Amino acid sequence: MSLPLFDTEPQPAQPLAEGAVLLRGWAARQDAAWIATVRQVLAQQPLQAAFTAGGRPMSVRTSNCGEWGWAAAGLRGYGYTRSDPLSGRPWPAMPTFLQQQAQALAAQAGYPGFDPDVCLINAYAVGARMGLHHDADERDKAAPIVSVSLGLPCHFVWGGLQRSDPVRSLRLEHGDVLVWGGASRMVFHGVRPLPAGQHHLLGAERWNLTFRMAQRPYRG
DNA sequence: TAGTATCT
DNA sequence: ACAT
């Protein structure tokens with residue numbers, strides 16, 4: 001993968017835990033391209049309200065692109081589907097820019113061969129949050145998760161392999177990329193209620209893109 | 001248990 | 001603890 005990630009030198013990668021790497025600002029240099037590309041996806045697959053397995057509303061709104069998508073509306077519960085259960089239409093294809101950036105970022109974090117079949121887009125308005133959970137619906141737990149933050153900063157909660165483990169909180173800002181896999185793959189995590197603010201490109205919103213391998217086997 | 005309510 |  002030779003696609004340039006930067007036009008200048010990036011901040012060094014920071015290890016967060018075993019298998020987890022924080023790439024601070026690594027999506028900021030090309031943020032206009034990230035945002036324009038996501039807007040193209042949202043024009044085809046608008047953000048929708050999401051619901052927990054118990055039928056309770058979540059505060060984030062979601063969209064997807066890729067062969068698969070994480071559906072959290074119109075199902076009993078949630079899970080990966082090939083099409084939007086509400087519209088019946090297949091999820092839009094993952095734009096090449098997103099696919100290649102996710103591959104390159106994963107490789108940079110020590111996960112060569114990552115080839116996502118899902119990009120889940122979570123949009124946080126002020127006050128939106130995400131409770132402590134782990135990403136458990138993917139078939140091959142050897143594949144990492146690549147998370148890209150855009151827009152307003154948030155307080156990300158990073159726990160352990162058990163829900164009851166102590167958590168730490170770290171601020172994720174526009175352009176930050178967090179990659180977790182290996183021993184950290186099943187770590188519980190979440191997002192505290194989004195503080196009010198204004199971002200010059202996204203206004204009073206945070207977008208989080210998570211690239212996953214939901215159904216493909218991972219050969220690192 | 002990707003959420004909330006309701007206990008201690 | 002609930003309800004999925």
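Numbers restart at 1 for each chain; the letters A, B, ... are given by sequence-line order, proteins then strands. This one's a predicted model, so the numbers in the text were calculated from it and none came from an experiment.
Between A:Phe188 and A:His134, the ring planes are parallel. Angles under 30° get that label, and only those over 60° would be called perpendicular.
In this structure, CG of A:Asn122 is placed 13 Å from P of B:dA2, rounded to the nearest angstrom. Between the CD atom of A:Gln162 and the C1' atom of B:dT1 there is a distance of 15 Å, given to the nearest Å. One can place CG of A:Leu132 at 15 Å from C1' of B:dT4, the figure rounded to the nearest angstrom. A:Asp137 has its CG atom 12 Å from the C1' atom of B:dT1, to the nearest Å. Separating the CZ atom of A:Arg56 from the P atom of C:dC2 is a distance of 12 Å, rounded to the nearest angstrom. The interatomic distance linking A:Met58 (CE) with B:dT1 (P) rounds to 14 Å, in whole Å.
On the C1' atoms, B:dA5 is 14 Å away from B:dT1, given to the nearest whole Å.
Here A:His189 does not reach the OP1 or OP2 of B:dA2: none of its side-chain N or O atoms lies under 4.0 Å away. For A:Arg129 and B:dT4, the shortest distance from a side-chain N or O to OP1 or OP2 is below 4.0 Å.
The 12-atom threshold is not exceeded at CD of A:Glu18, counting heavy atoms of other residues, nucleotides or ligands nearer than 6.0 Å.
Minimum heavy-atom separation, A:Ala102 to A:Pro116: CB-CG, 4.0 Å.
A:Tyr111 places a side-chain N or O within donor-acceptor distance of the main-chain N or O of A:Gly19, the cut-off being under 3.5 Å.
For C:dA1, the paired nucleotide is B:dT4, the pair qualifying as Watson-Crick or G-U wobble because both relevant distances are below 3.5 Å.
Among the protein residues, A:Phe51 comes within range of no part of the nucleic acid, since none of its heavy atoms lies under 4.0 Å from any strand. As judged by a 4.0 angstrom heavy-atom cut-off over every strand, A:Gly131 is placed among residues touching the sugar-phosphate backbone only. In this structure, A:Arg76 reaches neither bases nor backbone, as no heavy-atom distance under 4.0 Å exists between it and the strands shown.
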